[in-house]
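Reminder, nothing fancy here: chain letters follow the sequence lines and each chain counts from 1.
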Amino acid sequence: MIEVRNVYKEFSGHQVLNDICAEFEPGKTNLTIGQSGSGKTVLLKCIAGLHAVSSGDILYDNRSFAAMNDKQRKAIRKEMGMVFQGGALFDSNTVEENVMFPLEMFTKMSYEERRDRANFCLKRVNILNANDKYPAEISGGMQKRVAIARAIALNPKYLYCDEPNSGLDPVTSIVIDNLIKEITIEYNITTIVNTHDMNSVMEIGDKIIFIYKGHKKWEGTSAEIFDTGVKELDDFVFASSRMKQLRDLNR
Amino acid sequence: MLKLLFHIGRYFVLMKRVFSRPERWRVFLRQTIREIDSIGVSSIVIVLIISVFMGAVCAIQMAYNLQNPIIPRYLIGLGTRETMLLEFSSTIVALILAGKVGSNIASELGTMRVTEQVDALEMMGVNSASYLILPKITAFVLFIPVLTVFSMAIGIVGGYLASFGTKGLTPHDYVVGITSFFQPFYVTYSLVKSLIFAFIIASVSSYHGYYTNGGALDVGRSSTHAVVYSSIVVLLFNVILTKLML
């Protein structure tokens, strides 16, 4: 479980996150939603330890990140996997080398063992016969799947996905969503997904947190999201007239 | 002034992170060999082309300026040799490599930064500064003596080639000149300078690339800054080292 306790974050005097409190449970797909610039990515990067929080704390299974020394922080990072918005695959490495990279850096596995594990992860995300290709030679959807394979290579306890569907067509988006959901349940991972894709919200959102201008405005499930009474959330969810018509029809 | 101090401070903080023990020596070695190929070996052709032409031009200009019966002709070869050893093969080659290697390093690291590849490394718990920059610095510092000595030799050969058909200079006079009054310390001086210049180019360019912020335009800007600032620092250290060593 990941607990976010009263997290504040500011950049050069500009307050980006204000008193964020949240709990993310294992085996569930936790979604953070909000408009672009609302602070979702900053929150995710704070949780991932890529940004230091201005105040507050983040606890990973009751282990406080603020209380950890550098060695402990480095160790806990090995329990995390992250899928970045653009995939962030290493351009100069092949697909297989990308997945083998964390294994080579942090395990004492032999080359054959690393290759077997990489192939297992690639098979798990349905990437076949692309081991020797470079990231530039595969599609955006494949890049995202390779990024997921790399993120799960070390059997992480925590998985973070920053807008995994951005730039993908609706069909591929659903494939990626389902993959994240399956992996979360299969390995009992605490997964946090940043998204503003309402398809993802409805398909995989076990728990949803709505961020608005750096504040947590709402928390609930995908079943509750259509009738929250929170104006900012309604404006976000029912931004198009079609969605408003759909809501009125449902009512 | 404050901005300059900020950059100098951040540069030294980055260097502290760079010069930490690599996570895996095997990976570091592999990366260094890869960088020797991409930074060093790929620079041989440009060094060859520039050195041969510069050596030739140097000899022709010396011949043109030393057309006086009381000045011995062999001084043209001697002057060409000393110019190549003392200044051209270390400083001028370093400035040219600041353009080629510096922009290459800065754009590579800058692209990795804006496409979140650096964040991906940090996320995994890898010291990205050491993993990405140390092999580049090591490779360039290890390979620069090869480029410098190669440039010296090719530059002198360029002067020799120019001696055919240049008024006031014969190949024989040129050979006498380049074999006279040789001071081995000049080679040492040039190699010491080139080692320091290689470190400056690789580290300053890495600094600009590593701290790229924004998008594609900023990667280009970082590349330009890398070339400009590494060239300025090279020229500054050229004066300091010359004062100290000669």
Side-chain angles (χ1 to χ4, degrees), chain A residues 11-12 41 44-45 47-52 68 70-93 97-111 114 135-136 143 146-147 150-154 156 158-163 166, chain B residues 2-3 6 10 13 16-17 20-39 42 104-105 107-136 139 209-216 219:
Chain A
F11 290 106
S12 314
T41 301
L44 195 69
K45 287 192 172 178
I47 293 170
L50 290 172
H51 287 329
M68 287 178 196
D70 283 352
K71 206 176 167 186
Q72 289 167 321
R73 285 181 180 187
K74 202 170 170 180
I76 203 164
R77 286 223 170 104
K78 288 165 199 162
E79 297 175 16
M80 301 173 182
M82 185 155 179
V83 180
F84 287 86
Q85 202 170 344
L89 298 176
F90 304 128
D91 295 329
S92 54
N93 292 355
E97 285 166 352
N98 263 286
V99 183
M100 282 166 67
F101 181 83
L103 301 168
E104 184 170 24
M105 295 303 282
F106 300 114
T107 69
K108 288 191 171 130
M109 287 177 168
S110 65
Y111 176 76
R114 292 199 303 269
Q143 286 184 18
V146 175
R150 186 178 67 182
I152 61 169
L154 283 173
Y158 317 104
L159 178 66
Y160 313 123
C161 306
D162 188 15
E163 298 189 20
S166 68
Chain B
L2 268 176
K3 208 172 168 188
F6 166 78
R10 196 165 65 158
V13 171
K16 189 173 169 259
R17 283 187 64 207
S20 57
R21 195 176 158 271
E23 310 271 351
R24 282 273 190 275
W25 283 103
R26 186 184 60 224
V27 177
F28 168 70
L29 208 68
R30 197 181 56 215
Q31 293 280 97
T32 306
I33 291 166
R34 192 186 277 186
E35 295 296 346
I36 285 177
D37 182 48
S38 100
I39 292 175
S42 70
N104 179 304
I105 289 174
S107 57
E108 185 188 326
L109 292 177
T111 306
M112 287 189 80
R113 169 66 75 186
V114 299
T115 55
E116 295 183 306
Q117 292 175 54
V118 175
D119 282 345
L121 285 168
E122 289 290 330
M123 183 64 226
M124 291 176 204
V126 176
N127 176 350
S128 62
S130 176
Y131 175 78
L132 294 171
I133 300 173
L134 190 57
K136 290 184 195 305
Y210 190 80
Y211 286 113
T212 301
N213 205 353
V219 173

Item to check | Rounded distance [0.5 Å steps], CZ in R26(B) versus CD in E104(A) | outcome: 5.0 Å
Checklist entry - Can you name the nearest heavy-atom pair linking M124(B) to P102(A), along with the distance? => result SD-CB, 4.2 Å
Next on the checklist: With a 4.5 angstrom heavy-atom cut-off, is it the side chain or the backbone of V27(B) that approaches chain A, or both, or neither?
Outcome noted: side chain
Next on the checklist: Which atoms of Y160(A) are under 4.5 Å from chain B, going by heavy atoms: the side chain, the backbone, both sets, or neither?
Outcome noted: side chain
Next on the checklist: As an exercise, state the distance from CZ of F106(A) to CZ of R24(B), rounded to the nearest 0.5 Å.
Outcome noted: 8.5 Å
Checklist entry - Can you tell me how far the OG1 atom of T115(B) sits from the CG atom of D91(A), to the nearest 0.5 Å? => result 6.0 Å
Next on the checklist: What part of L154(A) gets within 4.5 angstrom of chain B, counting heavy atoms only: side chain, backbone, both, or neither?
Outcome noted: neither
Checklist entry - Of the backbone (N, CA, C, O) and the side chain (C-beta and beyond), which part of E79(A) lies under 4.5 Å from a heavy atom of chain B, both, or neither? => result neither
Next on the checklist: Between S92(A) and E108(B), is there a side-chain heavy-atom distance shorter than 4.5 Å?
Outcome noted: no
Next on the checklist: Please classify the contact between R150(A) and chain B as side chain, backbone, both or neither, with a heavy-atom cut-off of under 4.5 Å.
Outcome noted: side chain
Item to check | Close approach to chain A in residues 116-123 of chain B, criterion heavy atom under 4.5 Å | outcome: E116(B), Q117(B), D119(B), A120(B), L121(B), E122(B), M123(B)
